[in-house]
Amino acid sequence: MSLKSHEDGPIDEVAAGTTVYVYEAPVRLWHWVNALSIVVLAITGYLIASPLPTVPGEANDHFLMGYIRFAHFAAAYIFAIGFLVRIYWAVVGNHHARQLFYLPVTDKVWWEGLFREIRWYMFIEKTPHKYIGHNPLGHFFMFFAITVGGIFMLVTGFALYGEGAQAGTWSHTLFSSWVIPLYGQSQDVHTWHHMVAWGIVVFMILHVYTAIREDIMSRQTMVSAIISGHRTFRE
Amino acid sequence: MSTETFYEVMRRQGISRRSFLKFCSLTAASLGLAPTMAPRIAEAMENKPRTPVIWLHGLECTCCSESFIRSAHPLAKDVVLSMLSLDYDDTLMAAAGHQAEAIIDQIRKKYKGNFILAVEGNPPLNEDGMFCIHGGRPFIEVLKETAADAKAIISWGSCASWGCVQAAKPNPTRATPVHKVIFDKPIIKVPGCPPIAEVMTAVITYMLTFDRIPELDRQGRPKMFYGQRIHDKCYRRPHFDAGQFVENWDDEAARKGYCLYKMGCKGPTTYNACSTVRWNGGVSFPIQSGHGCIGCSEDGFWDKGGFYDRVTDIKQFGVESNADKIGATVAGVAGAAVAAHAAVSALSKARSGESDQSKGGK
């Protein structure tokens, strides 16, 4: 079958209706758990920095900020544990499961594909390339937003969490004790935690858009592929 | 200059030997030591000379000294007159001129490697240090010379610890904190603008009493006073957790004493003992008097945006920008770009579809 022309390159010829199993169940489950946790983290994170209007009454009748922070921390733990499980699956899963964790920077075909993909998005290329896994541009963005960005958010996030948990806790020992001094103070860690969070929000906007767009324009399944795991090439 | 021991000082102050021995037993008991340790404490206090302290002033405003002399527990007078041997402090000492400066040389020679150097303020390095002159010489020279013979250095206040206002951008005199010019001595940072009086006297008496430096965190601050944030021990914390905030300086919430988080309180990012030790003999502290913490004991606090903003300003993106404003703008632009791109995509697809059809037609 001509489907495996190159590890990270485009596939050359494919018969319409060909279906390939790409995303295994743990990858799909992780994708949606991760997506949900990022949505919760983004919203609650914003509300922690810019809280909702003051609630009236006695302080002991309310725990609004406490619940918002709890949701943020709980979602962060889910994100973190999901990330670790995902790394495990990258080791034991199929080769598509590994794509998220490396960039084939020494691969000329990959770079050519990346620039071709940029031209495709600038409407210069008339025909799309088909890929079994991520196309090089998507691969590039995913690596920086989810892998690099995710690790950055976990490290700075647990450093900020450890400040509240205080000295002696695992989050303080593993993260706060070196991340806070690295930036000089906590205020800058907050600022960078926000900046990268917005970077991930922008990635999500682009990710959802491009997934739907390629589903239509590239004649291959994108949205259903991350639900069923099968990618069908329609023509 | 004869070297007095603690015992001699206590006797001079009218304390009987009986009371002195009682004091030693009590000290041993309160430290959790065996009764046999009491005579050893007595012996140490009878024989160990008091550690002299040289207190130098660099580029500073003397707010640290002002705070120090207001210490209530212990009283500053007891610290200065009986607990430590403050042999040189140009703002507190009677001597002046050449006589005063001669004391530094004396201490350095007599107690080489055995005195504590307390530094208030910091040395400016631009123009060979000419922005701060001490006894006719650049302060940086005096500091380096004195530090060379000291046992340990205490960096009083945010100036000596981080740089403070004179090191704020653009820092024209290149004011530099002590740990960036002295590398070979243990440095204890006691930041704050000023530090809490009781924290200052406690740090110095700890060092003199136990003859060792207190346990420090990774940034060189004593853990016992800088291990927790203002936020962790703030008496307004229940209002934070409940979601009750002051929204304006003159609103009902301000009168009720709600959380000042939305008014830019830096309590959640500031490590200090204000919410536990408090100020002026435990009377109050900024948040208790209705104003948010400005984070004065944190590194670079002058350069971290307004005192009344929760999210730090990022100057590179304009005076009124912060991470959230920039992020929301970028996300908005991305959303608009996606919409425009989708429209163009739909158009080009429709067009290629037409041409496909016309091809098919032929």
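Chain letters run A, B, ... following the sequence lines, proteins first, then strands; residues in each count from 1.
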Report which part of A/Trp178 has an atom under 4.5 Å of a heavy atom belonging to chain B: side chain, backbone, both, or neither.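 When you check distances to chain B, atoms from both the backbone and side chain of A/Trp178 fall under 4.5 Å.
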
Residue A/Ala49 versus chain B: region with a heavy atom under 4.5 Å: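 Looking at A/Ala49, backbone and side chain both touch chain B.
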
Contact part of [X] toward chain A, heavy-atom cut-off under 4.5 Å: side chain, backbone, both or neither?
X	value
B/Tyr271	side chain
B/Gln244	both
B/Ala328	both
B/Val333	neither
B/Lys266	side chain
B/Arg229	side chain

Can you sort out the partners of B/Arg255 under salt bridge (charged side-chain N to carboxylate O under 4.0 Å, His left out), two or more places apart, ordered by chain and number?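 Here the qualifying residues are B/Glu252.
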
Roughly how far, to the nearest 0.5 Å, is [atom2] of [Y] from [atom1] of [X]?
X	Y	atom1	atom2	result
B/Ile326	A/Met195	CD1	CE	4.5 Å
B/Asn322	A/Thr191	CG	OG1	8.0 Å
B/Leu347	A/Phe123	CG	CZ	9.0 Å
B/Thr269	A/Ile180	OG1	CD1	9.5 Å

Kindly give the heavy-atom pair with the smallest separation between [X] and [Y], and that separation in Å.
X	Y	result
A/His194	B/Ala323	CB-CB, 3.5 Å
A/Val202	B/Ala334	CG1-CB, 3.8 Å
A/Met65	B/Gly243	CB-N, 3.9 Å
B/Ala242	A/Ala59	CB-O, 3.4 Å

Hey, does [Y] have a side-chain heavy atom less than 4.5 Å from the side chain of [X]?
X	Y	result
A/Ile48	B/Tyr261	yes
A/Tyr46	B/Asp324	yes
B/Trp162	A/Gln185	no
B/Phe240	A/Arg69	yes
B/Val330	A/Trp198	no
B/Arg310	A/Ser50	no

Any pair counted as salt bridge (charged side-chain N to carboxylate O under 4.0 Å, His left out), so long as it reaches residues 172-200 of chain A, sequence neighbours left out: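 Counting only pairs at least two positions apart or across chains, the salt bridge (charged side-chain N to carboxylate O under 4.0 Å, His left out) contacts touching residues 172-200 of chain A are A/Asp188-B/Lys304.
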
Quick check on the structure: residues of residues 206-217 of chain A within a heavy-atom distance below 4.5 Å of chain B, by number.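 The residues closer than 4.5 Å to chain B, in numerical order, are A/Leu206, A/Tyr209, A/Arg213, A/Ile216, A/Met217.
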
Using a distance-only test with no angle check, is there a side-chain donor-acceptor pair under 3.5 angstrom linking B/Glu298 and A/Gln187?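 Absent: no donor and acceptor within the cut-off.
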
Report, in residue-number order, which members of residues 230-238 of chain B are under 4.5 Å from chain A by heavy-atom distance.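 Listed by number: B/Asp232, B/Arg237, B/Pro238.
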
Neighbour count above 12 (heavy atom, 6.0 Å) for A/Phe141 CZ: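 At most 12 heavy atoms, drawn from other residues, nucleotides or ligands, come within 6.0 Å of this atom.
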
Decide if atom OH of A/Tyr77 counts as having more than 12 heavy atoms of other residues, nucleotides or ligands within a radius under 6.0 Å.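 Atom OH in A/Tyr77 is crowded, with more than 12 foreign heavy atoms closer than 6.0 Å.
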
Most chain B-contacting option - heavy-atom pairs closer than 4.5 Å, from [options]:
options	value
A/Gly199, A/Gly184, A/Gly66	A/Gly184
A/Glu58, A/His190, A/Glu163, A/Gln166	A/Glu163
A/Val201, A/Leu52, A/Leu160	A/Leu52

Only pairs of heavy atoms separated by less than 4.5 Å count here; which of B/Gly332, B/Ala342, B/Ser345 has the most with chain A?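 Winner by heavy-atom pair count: B/Ser345.
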
Donor-acceptor check, side chain of A/His62 to backbone of B/His239, threshold 3.5 angstrom: yes or no?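 Checked: no pair found.
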
